[in-house]
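First comes the structure, then the notes that go with it.
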There are 2 protein chains.
Amino acid sequence: MVVASEKTLDRVFYALSDPSRRKMLQALAADGYQVKDLAKSFPFSKAATSKHLNVLEEAGLIEKTRKGREVFCSINPSTLQHVEEWVKFYRQFWDQQLDNLETFLSENPKNSRK
Amino acid sequence: MVVASEKTLDRVFYALSDPSRRKMLQALAADGYQVKDLAKSFPFSKAATSKHLNVLEEAGLIEKTRKGREVFCSINPSTLQHVEEWVKFYRQFWDQQLDNLETFLSENPKNSRK
DNA sequence: TTTATTGTCAACCAATTGGTTTACGATTAA
DNA sequence: TTAATCGTAAACCAATTGGTTGACAATAAA
């Protein structure tokens, strides 16, 4: 498993915790990929849009390329893959812990408490 | 796919964006499962620990059970499964988009731009 | 050349976050 | 009964967040 650093996890989870930023990611996958296009689609200013895109960029979720005065954004799916692996690992781990507990309890039905 | 609501995604991603809270989840899977045990393991006060656990609880990542004056915490893996599915869905979707783009470009090598 | 567009930066503001300390109710132990 | 423990609530504080507006540099269009 490719391990994402703690700082990366901090940034990625934080970036994903905002519904506007999640929508931006979805929009980027579809068509509009310039800052101006995104700014038109959201109910806040150009500057605010730019800030949100910075958060996504610092989390490694998107990449920006400047062409003249325009900035093109594109998704970077590999970062999301790190997150997927982190979540999957712990979800499975915790499922296993619960299974172990249940097995233990069913094998020790009269287990005295304390 | 079980769709998590936007609010749930907000809360879960936000809860996971803090390294202390992620460590708490890991600790809960292992052994200590009372607020007092967790409070001993972290470099901040009981009250702060309690607040962090509230964030995890509101995100649906843990559940609390009161027994007398003690509060027992346990992991709720199903919430993490919603997140796993969300991440997996978009990661695959974006991968696909990129594949389509590459295919298009390789099939239109002399594609004039604008 | 002049004008319009694109994006970012800086300064600002209100709301939220993450921590503290203190006090407290409820429960358990002496 | 009295004293200690467990967890939460309230009040507070500094730092961060998410938005605004206005100015600006760089570029593209007229």
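Atoms considered below: every heavy atom in the structure, side chains included; atoms not considered: hydrogens, waters and symmetry mates. Residue numbers begin at 1 in each chain, while the letters A, B, ... track the order of the sequences. Remember, it's a predicted structure, so these values are computed and weren't measured experimentally.
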Original post:
So A/I62 and A/N76, side chain to side chain contact (heavy atoms under 4.5 Å, CB included) or not? Walk me through it.
Top reply: CA-CA 5 Å; A/I62 67 169; A/N76 175 12; 6.0 Å; no

Original post:
Base, backbone or nothing for each nucleotide of nucleotides 2-15 of chain C, written B, S, -, heavy atoms under 4.0 angstrom, 5' to 3'?
Top reply: --BBBBBB------

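By the 6.0 Å contact criterion, NZ on B/K7 is open, its count of non-hydrogen atoms from other residues, nucleotides or ligands being 12 or less.
Side-chain N/O atoms of A/S45 include one lying less than 4.0 angstrom from OP1 or OP2 on D/dT20. Residue A/H52 has a polar side-chain atom (N or O) positioned under 4.0 Å from OP1 or OP2 of D/dG19. Contact check, A/Y14 against D/dG18: a side-chain N or O comes under 4.0 Å of OP1 or OP2.
As a whole-Å value, the separation of B/L56 CG from C/dT17 P is 14 Å. Taking atom CZ of A/R11 as the reference point, atom C1' of D/dT17 lies 16 Å away to the nearest angstrom.
In plain terms, the two heavy atoms of B/L56 and B/M24 that are nearest each other are CD1-CB, 4.2 Å.
Using a 4.0 Å cut-off between charged nitrogen and carboxylate oxygen, A/E84 and B/K88 do not count as a salt-bridge pair.
Between B/F93 and B/Y90, the ring planes are perpendicular. Angles over 60° get that label, and only those under 30° would be called parallel.
With axes fitted over five pairs at each extremity, the angle between the ends of the helix from C/dT1-D/dA30 to C/dA30-D/dT1 is 20° (10° resolution).
Side chain of A/R91 to backbone of B/L80: no donor-acceptor contact under 3.5 angstrom is found.
Within the structure, the ring pair (Phe, Tyr, Trp, His ring centres under 6.0 Å) test picks out the following pairs touching residues 45-80 of chain B (sequence neighbours left out): B/Y33-B/F72, B/F44-B/H52.
A cation-pi arrangement, defined by a distance under 6.0 Å to the six-membered ring centre and an angle within 45 degrees of its axis, is absent between A/R22 and B/F13.
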